[in-house]
Trainee: 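Handing you this structure, nothing more for now.
Any value given below was found using the heavy atoms of this structure, including those in side chains, with hydrogens, waters and symmetry copies removed.
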Amino acid sequence: MKIPVLLCLASWSVAFGQGEQEELWASRVGELWKSSTHIWDGTEGSDEFHQTLADDVEMQTSGTSEDPILKGAGFAVQSLPIAEKKHLGKKDVIEYFSAWPQLWANSKVERAKFKVVGVKLNDTVLETESLVSVLAGNHEYNGRWKSRWEIVGNDIHLKEITPGVGQVTSLKSGRIFRDATSTLLPQDCQNDPGLLRGNFEWRERIPAMFEPDQFGENGISVADVNGDGLEDVYLCQIGGLRNRLWFQGESGTFEEANSSGLDVLDNTTSALFLDLDGDRDRDAVLATAAGVVFFENKGSGSFRQRERLATMRYGFGMAACDFDRDGDLDLYICQYHHQSSEGKETRGTFPQPIPVHDAKNGGPNVLLRNEGAWVFRDATAELNLEEGNVRFSFASLWEDFDNDGDQDLFVVNDFGPNNYYRNEGGEKFTDCSDSPGVRDGGFGMGLTAADFDRDGLIDLHISNMYSGAGNRIARQDWFRSGKSEELRTSLLQLARGNTFLSNLGEKGFEDRSNESGIAMGRWSWASLAVDFNNDSFEDLLVANGFVTGKESDDL
């Protein structure tokens, strides 16, 4: 739902002359690096890079691949270390570049991408930092290269290259996962316009009364809905398109559920399947434009509506747990938007965060205490959860972070800091949002928790937006010069990328995003902690993406 707000702020500064030269040269360097890739693929277009090389280039070459630092079923990850520093002439640089992929792959380079994410200009010396991704056969290289350039008039000459320690991922079959959607879903889904047509196309056809969300922020849930021991799939859709439920059969294929009672047309952002009435089957909770709606499972995956909270029309992420340990599940609902003072609908519109790095004009989140008999009471205020409850909240997660036997609450927010509430035995919550590591926010959209370092404490991964332009611009001295360092750091945080918080117990959390290597996760929305390669360490799968740009060779 976001545009690169930090980039907009930075562009305003560039428009007034600040950083203009740095950006012009960064753009030039980006084009030069892209022209260098033609040395690998053998196509025309590398002449400009040839001409840019200085007569004497100081270059730290890469060593041969070491033993794998990570292994899995069908893949391995190796480190490509730095070897010796050499002084090379133009011809030698080209020869080294041509042979470089052979160090880690015995295949032709199919794709190479560079993105300049750091730039520093000092008179006639330009220093840049670039992300590099190269695909050759079943091998993919990812690294971060630093370069030094000399500016002579309108020309630029490459004087030094430091590739840095890169990593090579090798796949035995060319892929880790296989897309099985078309083979598992019913045959008619392959021609179903409700599944194939894009969100923007549908919004031109669906009446406004259905309130279709223009950003398509609709979730998906996996749960054993009909009690046969197999996981089923529920797809939430924009207003005007019915939600879909597919039952899994014994063969692993799916068939659509008929008359499930969950094929609603209201814009639905998320769904939870959980036992709310204690009868051992999965009931359903939907966050819709018509409010938060509760459905009772009548058995075998047939549902009837039991309750609708019509005032909660802006729900996004939902999380459940028995926070007060009374034997039934309670719900925490994140409400991203708020009701405008004029009573106008705000769903599906771009928010106006004030201020952008520390917005406090979002919708109020709600904790619903399960009183039994399908009665859910708003207990937010009495439990002290109204502290800081003014953010643009996307998602939340229950976990015992302090190892005291009850479930604490972590809330991820857009446009600024997150919220962390410590559970005090189910009687109330203490707002610990200002503790180390938590107060530094970003464009938070999702989170997952696991004991990543196996020290007995649960750590956190938070999905944020990574902006190469934001990282490049916000680190320069001129950016917001004269403002407090706290403000400058907060704005940089918006562009830095994903966050890894290491749980230190009583000392709170430590931000180890840069050291862990997870920061650059592109435009991240959600993440999942799972041990993919069965080595007893939790790995990360991060869902990312947004509107595709015009430059297909850009990271």
Side-chain angles (χ1 to χ4, degrees), residues 65-81 104 138-143 165-180 220-224 229-231 252 319-321 395-410 412 420 423 436-438 446-464 497-522 524-544:
S65 298
E66 298 177 336
D67 292 334
I69 57 177
L70 180 64
K71 285 185 177 181
F75 75 95
V77 179
Q78 296 173 301
S79 175
L80 202 64
W104 50 274
N138 291 346
H139 307 271
E140 182 176 5
Y141 168 87
N142 287 281
V165 177
Q167 290 185 346
V168 177
T169 302
S170 304
L171 307 178
K172 291 182 180 178
S173 62
R175 62 182 67 180
I176 298 178
F177 297 99
R178 179 176 61 88
D179 185 353
I220 189 169
S221 292
V222 176
D224 179 9
L230 300 171
E231 301 289 353
C321 86
S396 60
L397 182 145
W398 294 98
E399 186 58 69
D400 185 6
F401 291 108
D402 54 6
N403 282 355
D404 65 350
D406 53 29
Q407 297 290 298
D408 309 305
L409 179 65
F410 202 98
V412 169
Y420 171 43
N423 190 342
V438 181
L447 74 169
T448 188
D451 184 5
F452 291 103
D453 52 9
R454 299 197 301 189
D455 65 350
L457 298 168
I458 300 298
D459 312 301
L460 274 168
H461 176 274
I462 301 172
S463 302
N464 300 309
N498 296 334
T499 299
F500 177 75
L501 296 181
S502 178
N503 193 341
L504 303 181
E506 295 181 357
K507 296 181 180 179
F509 295 89
E510 180 184 15
D511 190 330
R512 299 187 58 196
S513 307
N514 293 327
E515 304 94 294
S516 65
I518 56 87
M520 208 296 276
R522 297 176 172 84
S524 301
W525 289 93
S527 56
L528 178 68
V530 61
D531 183 7
F532 281 111
N533 58 336
N534 292 328
D535 65 351
S536 77
F537 285 96
E538 298 290 327
D539 309 306
L540 279 167
L541 179 66
V542 182
N544 64 82

Trainee: Quickly, which of Asn464, Asn498, Thr499, Asn544 forms a side chain to side chain donor-acceptor pair (under 3.5 Å) with Ser524? Name it, please.
Mentor: Asn498

Trainee: Name all residues meeting the side-chain contact (heavy atoms from CB on, under 4.5 Å) criterion together with Ser502; count only those two or more places apart in sequence or in a different chain, and write none if there are none.
Mentor: Asp453, Asp459, Phe500, Leu504, Arg512

Trainee: By side-chain contact (heavy atoms from CB on, under 4.5 Å), which residues pair with Asp404, not counting sequence neighbours?
Mentor: Asp400, Asp402, Asp406

Trainee: For Ser463 and Ser527, work out which heavy atoms get closest and say how close.
Mentor: OG-OG, 3.5 Å

Trainee: Leu501 versus Asp511: any side-chain heavy-atom pair under 4.5 Å?
Mentor: yes

Trainee: Whether the side chain of Asn503 engages the backbone of Phe401 through a donor-acceptor N/O pair (distance < 3.5 Å, no angle test) should be reported.
Mentor: yes

Trainee: Can you list everything that forms a side-chain contact (heavy atoms from CB on, under 4.5 Å) with Asp539? Sequence neighbours excluded, please.
Mentor: Asp531, Phe532, Asn533

Trainee: Dump the intermediate steps for side chain to side chain contact (heavy atoms under 4.5 Å, CB included) on Thr448 and His461, then the final yes or no.
Mentor: CA-CA 5 Å; Thr448 188; His461 176 274; 3.9 Å; yes

Trainee: Locate the shortest heavy-atom distance separating Trp104 from His139; write the atom from each residue and the value.
Mentor: O-ND1, 3.6 Å

Trainee: What residues, two or more places apart in sequence or in another chain, satisfy salt bridge (Lys or Arg N to Asp or Glu O under 4.0 Å) together with Glu399?
Mentor: none

Trainee: What pairs with Tyr420 under side-chain hydrogen bond (donor to acceptor under 3.5 Å, both in side chains), at least two apart in sequence or on another chain?
Mentor: none

Trainee: Of all the heavy-atom pairs spanning Phe452 and Ala529, show the shortest one and how long it is.
Mentor: CZ-CB, 3.8 Å

Trainee: Ignoring hydrogens and geometry, is there a side-chain-to-backbone donor-acceptor pair from Gln167 to Gln78 under 3.5 Å?
Mentor: no

Trainee: State which residues pass side-chain contact (heavy atoms from CB on, under 4.5 Å) with Thr169; sequence neighbours excluded, sorted by chain then number.
Mentor: Val77, Leu171

Trainee: Minimum heavy-atom separation for Glu231 and Val222, please, with both atom names.
Mentor: CB-CG1, 3.7 Å

Trainee: Taking all non-hydrogen atoms of both residues into account, name the closest pair between Arg454 and Phe537 and its distance.
Mentor: NH2-CZ, 2.9 Å

